[in-house]
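Written out below as structure tokens is the structure these notes cover.
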Amino acid sequence: MTARPISETVASLMPRARAELAELVAFPSVADPAQFPKSGSEAAAKWVADALRAEDFTDVALLDTPDGTQSVYGYLPGPEGAPTVLLYAHYDVQPPLDESAWLSPPFELTERDGRWYGRGAADCKGGFIMHLLALRALKANGGVPVSVKVIAEGSEEQGTGGLERYAEAHPELLAADTIVIGDTGNFRVGVPTVTATLRGMTMLRVQLDTLEGNLHSGQFGGAAPDALAAMIQLLASLRDENGTTTVDGLTGDADWDGLQYPEAEFRQDAKVLDGVELIGTGTVADRIWARPAVTVIGIDCPPVVGATPSVQASARAQISLRVPPGHDAAEAAKLLTAHLESRAPWGARVTVEQVGQGQPFRADMSSPAYTAMAAAMRDAYPGQEMQSSGMGGSIPLCNTLAGLYPEAEILLIGLSEPEAQIHAVNESVSPEELERMSVTEALFLRNYAESKKA
């Protein structure tokens, strides 16, 4: 069995894929009504549902999940006795951040320098298009040899757990023999990669209050406890002088023993400015895949423009803590909360609120599905062998599915290689990677079906 017929079919479908991705990217589907109208997400969900119906999926449904968003489900029956594969993607996206920093409009797919730019192009609207391409290629070359379930989540980027809670309440819905999560990516363009581990995540908001109201800094500054200064000191306690995360009671000395990430390549991928040092200790892979990492992702404080000479009475920050396999995210949240409550200076009143959480994940790479995937990647990327890497990001649904379906094999692939700059301005996808990963997925489904017949 060769990759040629499948690869030719996928290549012929690429113009249609570009047009469809442009339509999907155009929806501002940020699942946070405080930032974007809910109508953008609802329109994207309807587009996904219509696309599944057009591919002969049955039981297509918009699932109202407990967090107030919608996930899209569909079922494509395969041959009698064939295994069932669940294909996952999400259609919600991160906010575009500073739209003026985009070289082209974030919700308008734009081709530039051989890449397609737009919010969600790689993460993860492109992942849904990848699933469609793989299924279309199989239908054009003898048919889809497995039963397929597709689930497209509507709030993955917000970490609010809507689909996890829905799946727990309806455990039969997403049951499958194998699950393909299309929301990670290759180590870099042209290097076929499965993601072996994911860090989990806990998200907290902390508020410090020191005064009944703001005060004149000339009249009271120097003795009045400044909440913003207290917040700066508190946040500084979360890292040591090397930048290593230091949460009281949370260990962070694990080593990564798989594919390594050369420091020079990381600096280039991360666009670190000349002369600026990386933070932490150990290898880059240790730091981003095997150890906890805290990030202050937002602070409420007066902007520079229009600032008045005042001692601040209150300050608030949002903190993300990435939690590697081997740690429990709920326990890490307790440790981080205790750290914040005990380290606030000057007796400042501390309020901590948890706003998101997801457990870390480790895949079983000894399973037959990984053998089928390795063969598929070898055919789709001639001369290349499948690599395995970690991923510093979180996909909370993975552990939920692993708990619900302990016998299912879970694989993580996708389009979010370093050049994609997911979550940043000027996110993009490589059309060549979209094409090759669609070929990979189609061949995997064929290989997997054959393995189940043996």
Side-chain angles (χ1 to χ4, degrees), residues 88 90 123-124 153 155-165 167-168 174 179-185 187 193-204 238 244-261 280 282-295 297 319-339 354-367 370 387-406 408-414 416 422-423:
Y88 167 90
H90 63 84
D123 182 25
C124 177
E153 188 174 2
S155 57
E156 191 274 342
E157 298 291 7
Q158 296 301 314
T160 46
L163 182 54
E164 293 101 281
R165 303 294 82 76
E168 289 165 350
L174 303 182
I179 299 167
V180 178
I181 305 290
D183 191 24
T184 61
F187 178 65
T193 311
V194 292
T195 301
T197 67
L198 297 169
R199 287 192 295 195
M201 176 271 296
T202 188
M203 192 91 71
L204 301 180
L238 295 171
T244 299
T245 292
T246 53
V247 174
D248 295 338
L250 185 65
T251 58
D253 56 359
D255 298 326
W256 177 262
D257 60 2
L259 180 70
Q260 291 299 311
Y261 202 152
T283 69
V284 170
D286 293 340
R287 285 174 262 180
I288 65 173
W289 297 334
R291 298 179 181 178
V294 69
T295 304
I297 63 172
I319 302 167
S320 166
L321 176 62
R322 298 291 178 169
V323 184
H327 292 270
D328 178 74
E331 180 61 26
K334 292 178 183 177
L335 293 173
L336 178 55
T337 298
H339 180 111
Q354 183 164 347
V355 293
Q357 183 172 288
Q359 292 290 351
F361 173 79
R362 187 186 301 276
D364 176 11
M365 292 189 61
S366 65
S367 65
Y370 277 88
Q387 302 292 322
S388 64
S389 71
M391 183 175 176
S394 306
I395 305 176
L397 182 66
C398 282
N399 269 16
T400 299
L401 296 178
L404 289 172
Y405 319 117
E409 303 173 70
I410 300 178
L411 301 95
L412 297 100
I413 60 173
S416 298
I422 64 170
H423 294 202

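- Applying side chain to side chain contact (heavy atoms under 4.5 Å, CB included) to Leu412 and the options Ile179, Asp183, Ile395, Thr193 leaves one that passes, Ile395.
- Side-chain atoms of Tyr405 do not come within 3.5 Å of backbone N or O of Thr400 as any donor-acceptor pair.
- Summarising the geometry of Gly358 relative to Ala329, their closest heavy-atom pair is O-CB, 3.4 Å, with the distance given to 0.1 Å.
- Smallest separation of non-hydrogen atoms from Met203 and Ser320: SD-CB, 3.8 Å.
- The CG atom of Leu401 sits 9.0 Å away from atom CZ of Phe361, with the distance rounded to the nearest 0.5 Å.
- Residues Tyr370 and Val194 come closest through the heavy atom pair CE2-CG2, 3.9 Å.
- Within the structure, salt bridge (Lys or Arg N to Asp or Glu O under 4.0 Å) pairs that include any residue of residues 249-260 comprise Asp255-Arg291 (at least two apart or interchain).
- Checking side-chain atoms of Glu157 against main-chain N and O of Ser155 turns up no donor-acceptor pair under 3.5 Å.
- Side-chain contact between His90 and Asp123 is present, with heavy atoms from C-beta onward closer than 4.5 Å.
- You'll find the side chain of Thr202 reaches within 4.5 Å of the side chain of Gln354, heavy atoms only.
- Closest approach of Cys124 to Gly182, counting heavy atoms only: SG-O, 3.2 Å.
- Leu321 contributes atom CG, which lies 7.0 Å from atom OG1 of Thr245 (distance to the nearest 0.5 angstrom).
- The line from CD of Glu331 to CG of Leu250 is 9.0 Å long, rounded to the nearest 0.5 Å.
- Here Ile181 contributes atom CD1 and Cys398 contributes atom SG; the two are 4.5 Å apart, rounded to the nearest 0.5 Å.
- A pairwise comparison of heavy atoms in Leu335 and Gly249 identifies CD1-O, 3.6 Å as the closest pair.
- Residues passing the side-chain contact (heavy atoms from CB on, under 4.5 Å) test with Thr246, sequence neighbours excluded: Asp240.
- Here the closest non-hydrogen pair linking Arg199 and Trp289 is CG-O, 4.0 Å.
- Thr195 contributes no side-chain N or O that, together with a main-chain N or O of Gly390, makes up a donor-acceptor pair within less than 3.5 Å.
- Between the CD atom of Glu164 and the CG atom of Asn399 there is a distance of 10.0 Å, given to the nearest 0.5 Å.
- With rounding to the nearest 0.5 angstrom, the CG atom of Leu238 is 12.5 Å from the OG1 atom of Thr244.
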